[in-house]
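Quick caveat, the model's predicted, so the values are computed rather than measured. Just so it is clear, the values below take in all heavy atoms, side chains as well, and ignore hydrogens, waters and symmetry mates. Counting begins at 1 with the first residue of the sequence.
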Amino acid sequence: NAPSALTYAWIGPFVGAAMRPLGGWISDKLGGSIVTQVISLVMVVASVYAGWIMMQAYQSATPEIYFTPFIVAFIVLFAATGIGNGSTFRTVGVIFDRTQAGPVLGWTSAVAAYGAFIAPVVIGQQIKAGTPQLAMYGFAIFYAVCLVLNWWFYLRAGSEIKNP
């Protein structure tokens, strides 16, 4: 009775792409590292929640009842990645000089493209294994590490580079 995931698969990337300019705009007002910090926390929470929903659905006789919270969690996650993408690119432009910013943005884009490739592969592998929540929990750990690194290098008192 569950809806086809392919019917809704386009929504996440669309929302993420639409939110990217908003992330840059908010970062211009508040600071790229602050926006990245908040968005990283949102991604940790959204990933854990999506993993929990997936686990509940896998254990349920009526998994379709978890579709709406699942799709909402993923839309929040994709929106956060779009905003985080905008804030990250704003941060690169602030902390690197003009000669370095271009190559760093290129490298950052390549890493982002790889992430867009690897995430569905990891989720697919975990779905086949019957434990899709583990992929989401793994992403949450990654986002938590990013949160700590962002704080350490840009936001803590005494950090070498101040980039609020």
Quiz item: salt bridge (charged side-chain N to carboxylate O under 4.0 Å, His left out): which pairs involve residues 28-51, sequence neighbours left out?
Solution: D28-R90
Quiz item: Can you tell me how far the OG atom of S60 sits from the CE atom of M55, to the nearest 0.5 Å?
Solution: 12.0 Å
Practice problem: Indicate the atoms forming the closest heavy-atom contact of T91 with S33, along with that distance. | Solution: OG1-N, 3.7 Å
Self-check item: Sequence-distant partners of S47, side-chain hydrogen bond (donor to acceptor under 3.5 Å, both in side chains), two or more places apart
Solution: none
Practice problem: Provide the closest heavy-atom pair for A101 versus V92 in the form atom of the first, atom of the second, distance. | Solution: O-CG1, 4.0 Å
Quiz prompt | Cluster check V45, M54: I/L/V/M/F/W/Y, side chain < 4.5 angstrom | solution = no
Quiz item: Does Y154 reach the side chain of I95, with side-chain heavy atoms less than 4.5 Å apart?
Solution: yes
Quiz prompt | Parallel, tilted or perpendicular: rings of F74 and F78 (30°, 60°) | solution = tilted
Self-check item: Derivation of the side-chain contact (heavy atoms from CB on, under 4.5 Å) call for L77 and Y143
Solution: CA-CA 11 Å; L77 190 55; Y143 299 139; 4.2 Å; yes
Exercise. Output the distance between atom CE (M43) and atom OG1 (T36), rounded to the nearest 0.5 Å.
Key: 8.5 Å
Self-check item: Distance-minimising heavy-atom pair for V76 and A46
Solution: CG1-CB, 4.1 Å
Quiz item: Cluster question for you: counting only ILVMFWY and a side-chain heavy-atom cut-off of under 4.5 Å, with indirect links fine, are V38 and V148 together?
Solution: no
Quiz item: Which pair of non-hydrogen atoms, one from A140 and one from V44, has the smallest distance, and what is that distance?
Solution: O-CG2, 3.6 Å
Quiz item: What residue among I83, N85, N150 forms side-chain contact (heavy atoms from CB on, under 4.5 Å) with I39?
Solution: I83
Exercise. Not counting sequence neighbours, which residues clear side-chain hydrogen bond (donor to acceptor under 3.5 Å, both in side chains) with T7? List them please.
Key: none
In a table with atom names and distances, give each donor-acceptor pair under 3.5 Å that connects a side chain of residues 103-121 to protein atoms at least two apart or in another chain.
| residue | atom | partner | partner atom | Å |
| --- | --- | --- | --- | --- |
| T108 | OG1 | V104 | O | 2.7 |
| S109 | OG | L105 | O | 2.9 |

Quiz item: Roughly how far, to the nearest 0.5 Å, is the OG atom of S27 from the CG atom of L22?
Solution: 9.0 Å
Practice problem: I would like to know whether F139 and V122 meet side-chain contact (heavy atoms from CB on, under 4.5 Å); could you show each step before the answer? | Solution: CA-CA 10 Å; F139 295 144; V122 170; 4.2 Å; yes
Practice problem: State, with a plain yes or no, whether a side-chain heavy atom of I75 is found less than 4.5 Å away from one of F14. | Solution: no
Exercise. Determine the minimum heavy-atom distance between Y137 and V48, stating which atoms define it.
Key: CE2-O, 3.6 Å
Quiz item: Roughly how far apart are Y49 OH and M136 CE, rounded to 0.5 Å?
Solution: 12.5 Å
Quiz item: Members other than L147 in its cluster, when Ile, Leu, Val, Met, Phe, Trp, Tyr link by side-chain heavy atoms under 4.5 Å?
Solution: L41
Quiz item: Any side-chain heavy atom of Y58 within less than 4.5 Å of one from P132?
Solution: yes
Quiz item: Please, which pairs that meet side-chain hydrogen bond (donor to acceptor under 3.5 Å, both in side chains) have at least one residue in residues 117-129, sequence neighbours excluded?
Solution: Q126-T131
Quiz prompt | Inter-residue atom distance Q133.CD - I123.CD1, 0.5 Å rounding | solution = 12.0 Å
Exercise. Please say whether more than 12 non-hydrogen atoms of neighbouring residues, nucleotides or ligands are located less than 6.0 Å from CD in E160.
Key: no
Self-check item: For A57 against P63, the heavy-atom pair lying closest together
Solution: O-CB, 3.3 Å
Self-check item: Over 12 non-hydrogen atoms of neighbours within 6.0 angstrom of CZ in F153
Solution: no
